[in-house]
2 protein chains.
Amino acid sequence: MSATAIAYDRAMSRWEPNARVRLEEAALKLYVERGFEQTTVAEIAKEAGLTERTFFRHFADKREVLFSGSAVLQEILVSHVAGSPGSATPMAAVAGALGATCPLFEERREHARHRQSVIDTSPVLQERELLKLATLGAALAGALRERGTGEPAASLLAETGIAVFRVAFGCWINGSDRRTLADHLGESLTELKSAVR
Amino acid sequence: MSATAIAYDRAMSRWEPNARVRLEEAALKLYVERGFEQTTVAEIAKEAGLTERTFFRHFADKREVLFSGSAVLQEILVSHVAGSPGSATPMAAVAGALGATCPLFEERREHARHRQSVIDTSPVLQERELLKLATLGAALAGALRERGTGEPAASLLAETGIAVFRVAFGCWINGSDRRTLADHLGESLTELKSAVR
DNA sequence: TACCTTGATGTCAGTGGCTGACATCAAGGT
DNA sequence: ACCTTGATGTCAGCCACTGACATCAAGGTA
């Protein structure tokens, strides 16, 4: 993950650099073109100039190649909750953390759309996405507990926050280009507050 | 599903009856004994007196054999939301529907514990569980829309309801035998109401 | 009775995801 | 000149899952 961020300007090694990123790009391209199920790992590897075996050294399975971003997301969420002022309510801390992730998506709305269109066509990819979101939720709950929130409130707020994010993300991805993800997040939050009672 | 509920007292056909149920029981038994990954589908089929090919005629994959109950759950949720009085708030309708599912679990707490202990050991099973819950959430949202709730409120309430259920279920499964699932559901709901603001 | 249809199951061959074991070979240090 | 490191390639193999075809009791029909 850190290695792929380094900029090489010359052949510094025996192989082309950024194998991991090349695999990610090849996979998304082929998944969009042919569909997820109709693409074999061998084809992805070939497209990236590597072998199937090397693919599986970089990614645990064929789905995981679409989800490298979740680690970054988790860091943002956890650090924002940890760094939120002690005076903020747990709900405000979660809302702030979710808001902090928005720029990452806004920067690459088209990429997000492509990626999501692939995920939406395959139940097994939806499963993986749900697992990643649940993992984010668990991390969020842990960060809330560190801040003094008890159980089950911490888990409840974390899960609810993730639910709000899912709904807002869905609206953003399918909606007009004029409304930002942050807009949708805000709307979903206020809707939730008014509906829960 | 309906066929397995019929009580046969004699050999009414060429094969032992209730193949589907036998497969489910064999699978849970072996998953508990050896672990999910260490159990092959051929072993499950043999334990049930069938072949691997027949297993895959009854279940889409090796995980699905643990999730036949979700269809019943979905029916209960949807019918209770649809049948809730028009005067009830959407939140109350969701809460009522979730509460209506509790007896199904209370009746078989030990079975639920075994099943959950297997799921908790395997990420791929957790994925499937999350997909089932998300499907329930989507059905719940649909039932709310039928009742007149708009979007994104319907999805938001449905997702939140599922989140509440997940948290409550986790507390119930791991907690003391004196507290019912309905108890935990009620507590989670009040916690949520007080925390969301 | 003889025949036909139906449907759950068995058999078999094949694809592809994924893994373990071992080989290769440039880079960088000693 | 030598060694170590680490990313990659090669190969054999397991197992989840599928398509195509065969089997054969049950139940209806002529």
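Just so it is clear, the structure is predicted and the values come from calculations on it, not from any experiment.
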Contact letters for nucleotides 6-16 of chain C, in which S counts primed atoms plus P, OP1 and OP2 and B counts the base, heavy atoms under 4.0 Å:
-BBBBBB----

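In terms of the side chain to side chain donor-acceptor pair (under 3.5 Å) criterion, residue partners of B:Glu110 (sequence neighbours excluded) are, by chain and number, B:Arg113. B:Ser70 is linked by a side chain to side chain donor-acceptor pair (under 3.5 Å) to nothing, counting only residues two or more places apart in sequence or in another chain. Contacts of B:Asn174 classified as side chain to side chain donor-acceptor pair (under 3.5 Å), with partners at least two apart in sequence or in another chain: none. Annotation: side chain to side chain contact (heavy atoms under 4.5 Å, CB included) contacts of B:Thr40 (sequence neighbours excluded): B:Ala42, B:Glu43.
Between the CD atom of B:Glu37 and the P atom of C:dC18 there is a distance of 12 Å, rounded to whole Å. The distance between atom CD1 of A:Ile44 and atom P of C:dC18, rounded to the nearest whole Å, is 10 Å. Straight-line distance from the CG atom of A:Leu30 to the P atom of C:dG17: 12 Å, rounded to whole Å. Between the CZ atom of A:Arg63 and the C1' atom of C:dG17 there is a distance of 10 Å, rounded to whole Å. Rounded to an integer number of Å, the gap from CD of B:Gln38 to P of C:dC18 is 17 Å. A:Phe56 places its CZ atom 9 Å from the C1' atom of C:dT19, with the value rounded to the nearest Å. To the nearest angstrom, P of D:dC17 lies 14 Å from CG of B:Leu23.
Of the residues in residues 126-134 of chain B, none lies under 4.0 Å from DNA chain C by heavy-atom distance.
Within the structure, the salt bridge (Lys or Arg N to Asp or Glu O under 4.0 Å) test picks out the following pairs touching residues 154-166 of chain A (sequence neighbours left out): A:Glu159-B:Arg166, A:Arg166-B:Glu159. Note on residues 149-158 of chain A: pairs passing salt bridge (Lys or Arg N to Asp or Glu O under 4.0 Å), not counting sequence neighbours, are A:Arg145-A:Glu151. Identified under the ring pair (Phe, Tyr, Trp, His ring centres under 6.0 Å) test for residues 25-48 of chain A, with sequence neighbours left out: A:Tyr31-A:Phe36.
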Under 3.5 Å, which donor-acceptor pairs do the side chains of residues 78-88 of chain A form with other protein atoms, sequence neighbours left out?
unit_1  : atom_1 : unit_2   : atom_2 : d
A:Ser79 : OG     : A:Glu75  : O      : 3.0
A:Ser79 : OG     : A:Ile76  : O      : 3.2
A:Ser84 : OG     : A:Val81  : O      : 2.8
A:Ser84 : OG     : A:Arg147 : NE     : 2.9

Got a list of side-chain donor-acceptor pairs under 3.5 Å for residues 98-106 of chain B, not counting sequence neighbours?
unit_1   : atom_1 : unit_2   : atom_2 : d
B:Thr101 : OG1    : B:Leu98  : O      : 2.7
B:Glu106 : OE2    : B:Leu181 : N      : 2.6

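Here the options are B:Thr149, B:Leu140, B:Ile162, the test is side chain to side chain contact (heavy atoms under 4.5 Å, CB included), and the partner is B:Val94; only B:Leu140 passes.
Listed by first residue number, the stems of DNA chain C with at least three Watson-Crick or G-U pairs below 3.5 Å are C:1-30 with D:1-30.
In this structure, the separation between CH2 on B:Trp172 and OG1 on B:Thr180 is 9.0 Å, given to the nearest 0.5 Å.
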